[in-house]
Undergrad: 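After the structure tokens below, expect a handful of questions from me.
Every chain is numbered from 1, with letters handed out A, B, ... down the list of sequences.
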Number of protein chains: 2
Amino acid sequence: MTDERMALVAKALAHPVRIHIVRLLAAQSECRGHEVFADLPLAQSTISEHLRVLKEAGLVQSHPVGTAMVYCLVGGVLEEFGAAIGEIAATVSECEPDEGACDE
Amino acid sequence: MTDERMALVAKALAHPVRIHIVRLLAAQSECRGHEVFADLPLAQSTISEHLRVLKEAGLVQSHPVGTAMVYCLVGGVLEEFGAAIGEIAATVSECEPDEGACDE
DNA sequence: ATCGTTTATCGCCGATGGACGATGAAAGCT
DNA sequence: AGCTTTCATCGTCCATCGGCGATAAACGAT
């Protein structure tokens, strides 16, 4: 996963409300839009915007059902991102103590 | 891990240059500042700012060695974040096909 | 046809982000 | 003392974000 792609996904997740939405979508297969709207004390337009950001990052997809929309996570993207993070974390070589403890 | 904390870490990672820096720091235990500066075609002040963002998010720590600085990743933070992402991903229940394929 | 429901988009605003150059501070070297 | 190296901070500029209300678009129901 390229730096740019990782940064894009991270940017999409860089807001508590969007993390909340992602958790919500992960937790339930039923993902009607108005449930998302009802779950947060924000204007409908604001949440719609957050959903748009998540869709543009490829994390969320949606399709209309009648007058409503069904949102759900795109399979694999979150896994890939988490795995990419884990990969980096796995290569960490801690600061060598002989160079001084890495305190702030 | 709270939504807020996850969003903070994600925000710190929401820039290709910072992803690059994190990879760099993960790859080598030697993490003198000027190596970071030399590795990127950006002004020194710009990179210093990126490092500050990473430090404020708790991803990076640093300590002075003589006139230089040594930067390194804070152990565990990246793992925790990756694990939190993986946790969410693990709970994903795909859109039920009976409700229509989740195409864009 | 008209209305209500649901969602997306627009325009606006204040706040934040990201880049730069310039300046400042700390430490080592001569 | 004076110079160099290394890094942080400041001020400025422009772009983007995040919030809102208002409005539009799509659709089902009456």
Side-chain angles (χ1 to χ4, degrees), chain A residues 3-4 6-22 24-25 30-72 95 99-100 102-104, chain B residues 3-4 6-22 24-25 28 30-57 59-72 95 99-100 102-104:
Chain A
D3 293 354
E4 283 71 20
M6 290 194 66
L8 281 179
V9 176
K11 183 186 276 191
L13 296 174
H15 196 289
V17 167
R18 291 198 289 267
I19 295 279
H20 185 88
I21 292 174
V22 167
L24 199 67
L25 295 185
E30 273 292 312
C31 36
R32 303 288 170 132
H34 63 273
E35 301 181 53
V36 185
F37 297 148
D39 194 51
L40 290 162
L42 289 172
Q44 172 267 330
S45 55
T46 301
I47 299 182
S48 181
E49 178 69 11
H50 283 304
L51 283 165
R52 189 187 61 79
V53 171
L54 290 170
K55 282 171 66 174
E56 280 190 356
L59 281 162
V60 164
Q61 53 194 356
S62 64
H63 64 98
V65 168
T67 166
M69 288 291 275
V70 173
Y71 299 94
C72 59
C95 261
E99 297 203 312
C102 263
D103 306 319
E104 174 51 16
Chain B
D3 292 356
E4 284 72 20
M6 290 195 65
L8 282 179
V9 175
K11 183 186 276 190
L13 296 174
H15 195 289
V17 168
R18 291 198 290 267
I19 295 279
H20 185 87
I21 292 175
V22 167
L24 200 66
L25 296 185
Q28 56 184 35
E30 273 292 312
C31 36
R32 303 289 169 131
H34 64 271
E35 301 182 54
V36 184
F37 296 150
D39 195 51
L40 290 161
L42 289 173
Q44 172 267 330
S45 55
T46 301
I47 299 181
S48 181
E49 178 70 11
H50 283 305
L51 282 166
R52 190 188 61 78
V53 171
L54 290 170
K55 282 171 66 176
E56 280 190 356
L59 281 162
V60 164
Q61 52 194 357
S62 64
H63 65 99
V65 168
T67 164
M69 289 291 276
V70 172
Y71 299 93
C72 59
C95 261
E99 296 203 314
C102 264
D103 305 321
E104 173 51 16

Undergrad: Roughly how many Å is it from CZ in Arg52(B) to P in dA19(C), rounded to a whole number?
TA: 13 Å
Undergrad: Starting at CG of Leu13(B) and ending at C1' of dG17(C), how long is that distance when rounded to a whole Å?
TA: 16 Å
Undergrad: Kindly say whether, by distance alone, the side chain of Thr46(B) makes a donor-acceptor pair under 3.5 Å with the base of dG18(C)?
TA: no
Undergrad: With a 4.0 angstrom cut-off to heavy atoms of chain B, pull out the first and last contacting nucleotide of DNA chain D, in 5'-to-3' order.
TA: dT5(D) to dT9(D)
Undergrad: Step by step, work out the side-chain contact (heavy atoms from CB on, under 4.5 Å) result for Ile21(A) and Leu40(A).
TA: CA-CA 9 Å; Ile21(A) 292 174; Leu40(A) 290 162; 4.0 Å; yes
Undergrad: Nearest to the side chain of His15(B) - dG18(C), dT9(C), dT6(C)?
TA: dG18(C)
Undergrad: Within the structure provided, determine whether Val17(A) and Thr46(A) are in side-chain contact (heavy-atom separation under 4.5 Å).
TA: no
Undergrad: So Glu49(A), base contact, sugar-phosphate only, or nothing? Heavy-atom distance under 4.0 Å.
TA: nothing
Undergrad: Shortest non-hydrogen contact from Leu24(B) to Val36(B)?
TA: CD2-CA, 4.0 Å
Undergrad: Atom NE2 of His63(B) and atom P of dA27(C): how far apart are they, to the nearest Å?
TA: 15 Å
Undergrad: What integer distance in Å separates His34(A):NE2 from dA8(C):C1'?
TA: 17 Å
Undergrad: Hey, could you give me the NZ/OG distance between Lys55(B) and Ser48(B), rounded to the nearest 0.5 Å?
TA: 8.0 Å
Undergrad: Ile47(B) CD1 to dG17(C) C1': how many Å, rounded?
TA: 17 Å
Undergrad: With respect to the side chain of Leu42(B), which nucleotide from dA27(C), dA19(C), dT7(C) is positioned closest?
TA: dA19(C)
Undergrad: To the nearest 0.5 Å, tell me how far Lys11(A) NZ sits from Leu13(B) CG.
TA: 13.0 Å
Undergrad: How close do Pro16(A) and Ala7(B) get, counting heavy atoms only, and between which atoms?
TA: N-CB, 3.4 Å
Undergrad: Atom CG of Leu40(A) to atom P of dT7(C): distance rounded to whole Å?
TA: 14 Å
Undergrad: What are the two closest non-hydrogen atoms of Leu59(A) and Ala12(A), and how far apart are they?
TA: CD1-CB, 3.9 Å
Undergrad: What nucleotide, of dT9(C), dA19(C), dT6(C), holds the atom closest to the side chain of His50(B)?
TA: dA19(C)
Undergrad: Can you work out whether Gln44(A) or Ala14(A) has the more 5'-proximal nearest nucleotide on DNA chain D?
TA: Ala14(A)
Undergrad: Taking 4.0 Å as the cut-off, does a side-chain nitrogen or oxygen of Arg18(B) come that near to OP1 or OP2 on dG18(C)?
TA: yes
Undergrad: If you find the nucleotide of DNA chain C closest to Lys11(A) and the one closest to Glu35(A), which residue's nucleotide is nearer the 5' end?
TA: Glu35(A)
